[in-house]
Student: 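A single structure is presented below for examination.
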Amino acid sequence: MSKEITSRATDYSQWYNDLILKGELADYSAVRGCMVIKPYGFALWEHMRDALDKMFKDTGHVNAYFPLFVPKSLFEAEEKNAEGFAKECAIVTHYRLKADPAKPGKLMVDPEAKLEEELVIRPTSEAIIWNTYKDWIQSYRDLPILVNQWANVVRWEMRTRLFLRTAEFLWQEGHTAHATKQEAIEEAEKMLHVYADFAENWMAVPVIKGVKSANERFAGAEDTYCIEALMQDGKALQAGTSHFLGQNFAKAFDVKFSDKENKLEYVWATSWGVSTRLIGALVMAHSDDQGLILPPRIAPTQVVIVPIYKGDEQKAQIDARVQAIMSELKALGIRVKYDDNDNARPGWKFAEYEMKGVPVRLAIGARDLEKNVVEVARRDTKEKNVVSLDGIAGYVNNLLTEIQQFMFDKAKAYRDANITPANSWEEFEKLLDEKGGFISAHWDGTPETEEAIKEKTKATIRCIPLDNPQEEGKCIFSGKPSVQRVLFARAY
RNA sequence: CGGGAGGUAGUUCAGCCCGGUAGAAUACCUGGUUUGGGACCAGGGGGUCGCAGGUUCGAAUCCUGUCCUCCCGACCA
């Protein structure tokens, strides 16, 4: 198979697809809009999942699991949520197939096996979870409930893209219940900070924390907090959301508790989620025309060692030395792979691991053994250095830390250079078309204006940053008074 | 759902216009030589040409229908 990657400049979409497919993160499947996550891609997801899971547990959350199917009557209980998702739901209507009398060897849906009530395949789990919480909550002593679920969900999107928008995807969804509004808001904000911490410190993707405008808010939420990242083509990507749900779901599912004064109150709620879409963000934030570039902290393989030898004798000597190096690296908790596959030559391996984004490569041959050195190549900058084998594990460990930091700094410098203020409509349109990125501009605060801007330019308000400085100004579009700038961008 | 492209070997594709019973590269298998940036030689296996009809002596090729995929757009918590 040809392993050539379309360059970003030639066709950004094709470049992205090439990276996913040739980097072996995922494949297309026989199912419309659904992808197969390959072992390498899934290993990446596992590292992300494990890091997040620990962060959730450290903030007091526990995991549980709720059903894939949501009876239609439950699904429609919270009207705004149901309405928001209605047009992208997959629905189970029957529970049996039978032999098709008209087509030998073929099956047909058994019309006798129609369900009394249709089952919606969850696009999100608020409904089934709040229906359950009703049974769990009687008193303020039952609160808070801090539950997370790792699950798959289905959203029947019209158009799909690998990782960014697939019909079925993997995610986590936290669903919490609280006695007070204040506590729920604090929870939603806390989880937003957890997401930002993960994105920046693990994925090396800088994000802007903010609040969504009413138009972009989650269906059924009072407030949607989000982290927004910037991709290399100047488009924004929503990387995670955390919602303050008010008492909307408690009211829809009649979830009340007795407070200390024995007064019945509706429960306050949050939900928050990130998905395999983060992998799309990771790919587009860092990679180049040679392939993936993965940040060390979540790279499935952090270090690959490639032997270079002539004959079995040299191979045996290298093997022995490499085993010792591997032990040292593993002792420091480094994920290392020794690729001594004899069917592929070194050059092929170099290209292959660059494609797959392995952060550090060690190449070691007979001439290195003689000098007690090794060639160390880093994926992000393509730098190569010959380094002494004495203390190599410590050297590599430091290098991994350095790469992690360098990747973040680079992405942040790019992101910061692409937040541009616009002070007139002409400037706004020009920036969108010629530069892209986030555009910081005054907005009169109305949904109508946001909609009109979207209509004209395809740009939406990505977020109103947290702790946004208040500043008198005039709306870029309507000219009406504005109290602050907000961030606009074209988005995925 | 509108526009475009496409479905032929594991993969990428040629063949189709002008019908004659399927080909390249790569990957794979065997043996050998190789190994510091995608090795080479020799031999070998592998395809109901998306599916269903039709025209024809004969269909990957022509006609009709249908399913699916990708890209652009609309939509997208």
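In the text below, chain A, chain B and the rest are named by the order of the sequence lines, each starting its count at 1. These numbers come from the heavy atoms of this one structure, side chains and all, not from hydrogens, waters or symmetry mates.
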Student: Please determine whether side chain to side chain contact (heavy atoms under 4.5 Å, CB included) holds for the pair A/V336 and A/I325, giving the CA-CA distance in whole Å, both sets of side-chain angles, and the decisive distance to 0.1 Å.
Tutor: CA-CA 10 Å; A/V336 57; A/I325 297 168; over 6 Å; no

Student: Give none if B/G45 has no partner; otherwise give the nucleotide forming a Watson-Crick or G-U wobble pair with it, both distances under 3.5 Å.
Tutor: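 For B/G45, the partner nucleotide comes out as none, under the 3.5 Å rule.
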
Student: Rounded to whole angstroms, how far apart are CD on A/E455 and C1' on B/C75?
Tutor: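 About 13 Å, once rounded to whole Å.
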
Student: What residues in residues 305-312 of chain A put a non-hydrogen atom under 4.0 Å from any atom of RNA chain B?
Tutor: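 The stretch gives A/I308, A/Y309, A/K310 as the residues lying under 4.0 Å from the strand, ordered by number.
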
Student: Could you identify which residues of residues 364-373 of chain A place a heavy atom less than 4.0 Å from some atom of RNA chain B, listed by residue number, or say none?
Tutor: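 Close to the strand are A/G365, A/A366, A/R367, A/D368.
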
Student: Taking atom P of B/A27 as reference, at what distance in whole Å does atom CD of A/E24 sit?
Tutor: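 The answer, rounded to whole Å, is 14 Å.
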
Student: What is the distance from CZ of A/R361 to P of B/G36, rounded to the nearest Å?
Tutor: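 The distance from CZ of A/R361 to P of B/G36 comes to 12 Å, rounded to the nearest Å.
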
Student: With a 4.0 Å cut-off on heavy atoms, is A/S13 in touch with a base, just the backbone sugar-phosphate, or nothing at all?
Tutor: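 Sugar-phosphate, no base atom in range.
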
Student: Can you list everything that forms a side-chain contact (heavy atoms from CB on, under 4.5 Å) with A/E354? Sequence neighbours excluded, please.
Tutor: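 Result, side-chain contact (heavy atoms from CB on, under 4.5 Å) vs A/E354: A/R361, A/R379.
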
Student: Find out whether A/E186 and A/H178 are in side-chain contact, i.e. whether some heavy atom of one side chain is under 4.5 Å from a heavy atom of the other.
Tutor: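 Side chain of A/E186 against side chain of A/H178, heavy atoms only: no contact under 4.5 Å found.
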
Student: What integer distance in Å separates A/E352:CD from B/A39:P?
Tutor: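 In whole Å, B/A39 P and A/E352 CD are 12 Å from each other.
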
Student: Taking OP1 and OP2 of B/C70, is either one under 4.0 Å from a side-chain nitrogen or oxygen of A/N17?
Tutor: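 No, no such contact exists.
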
Student: What is the base-pairing partner of B/G2, counting Watson-Crick and G-U wobble geometry with both distances under 3.5 Å?
Tutor: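 B/C72 is the nucleotide pairing with B/G2.
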
Student: When the side chains of residues 25-35 of chain A are checked against the rest of the protein, which donor-acceptor pairs come out under 3.5 Å, sequence neighbours left out?
Tutor:
{"from": "A/S29", "atom 1": "OG", "to": "A/V31", "atom 2": "N", "distance (Å)": "3.0"}
{"from": "A/S29", "atom 1": "OG", "to": "A/V31", "atom 2": "O", "distance (Å)": "3.2"}
{"from": "A/S29", "atom 1": "OG", "to": "A/C34", "atom 2": "O", "distance (Å)": "2.6"}
{"from": "A/R32", "atom 1": "NH2", "to": "A/E157", "atom 2": "O", "distance (Å)": "3.0"}
{"from": "A/R32", "atom 1": "NH2", "to": "A/M158", "atom 2": "O", "distance (Å)": "3.3"}

Student: What's the closest nucleotide to the side chain of A/F350 if the choices are B/G37, B/C76, B/C70?
Tutor: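 Output: B/G37.
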
Student: Taking ring pair (Phe, Tyr, Trp, His ring centres under 6.0 Å) as the definition, give me every residue that meets it alongside A/F350, ordered by chain and number, with sequence neighbours left out.
Tutor: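 Partners of A/F350 by the ring pair (Phe, Tyr, Trp, His ring centres under 6.0 Å) criterion come out as none, since no residue qualifies.
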
Student: Side-chain N or O of A/R165 less than 4.0 angstrom from OP1 or OP2 on B/C76?
Tutor: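 So the side-chain polar atoms of A/R165 never come under 4.0 Å of the phosphate oxygens OP1 or OP2 of B/C76.
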
Student: Would you check if the side chain of A/Q302 reaches a backbone N or O of A/R335 as a donor-acceptor pair within less than 3.5 Å?
Tutor: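 Side chain of A/Q302 to backbone of A/R335: a pair is present.
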
Student: List the residues meeting side-chain contact (heavy atoms from CB on, under 4.5 Å) with A/D233, not counting sequence neighbours, and say none if there are none.
Tutor: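 A/D233: side-chain contact (heavy atoms from CB on, under 4.5 Å) contacts with A/Y12, A/M231, A/K235, A/Y492.
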
Student: Looking at B/G36, I'd like to know if its phosphate oxygens (OP1 or OP2) sit under 4.0 Å from a side-chain N or O belonging to A/R345.
Tutor: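 It does, given that an N or O in the side chain of A/R345 lies less than 4.0 Å from OP1 or OP2 of B/G36.
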
Student: Hunt down the Watson-Crick or G-U wobble partner of B/A39, both distances under 3.5 Å, from any strand shown, or write none.
Tutor: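 Result: B/U33.
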
Student: Answer whether the closest heavy-atom distance between the side chains of A/E187 and A/P144 falls below 4.5 Å.
Tutor: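 Of all side-chain heavy-atom pairs linking A/P144 with A/E187, none is under 4.5 Å.
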
Student: So what does A/F85 hit on the nucleic acid, given a heavy-atom distance under 4.0 Å: a base, only sugar-phosphate, or nothing?
Tutor: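 Base contact.
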
Student: Paired with B/U12: which nucleotide, if any, by Watson-Crick or G-U wobble criteria at under 3.5 Å for both distances?
Tutor: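 Across all strands, the one nucleotide that pairs with B/U12 is B/A24.
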
Student: Which nucleotide, if any, forms a Watson-Crick or G-U wobble pair with B/U66, using both distances under 3.5 Å?
Tutor: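 Pair assignment: B/U66 / B/G50.
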
Student: Has the side chain of A/K458 got a donor or acceptor atom sitting under 3.5 Å from an opposite partner on the base of B/G73?
Tutor: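 Check fails, no donor-acceptor contact within cut-off.
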
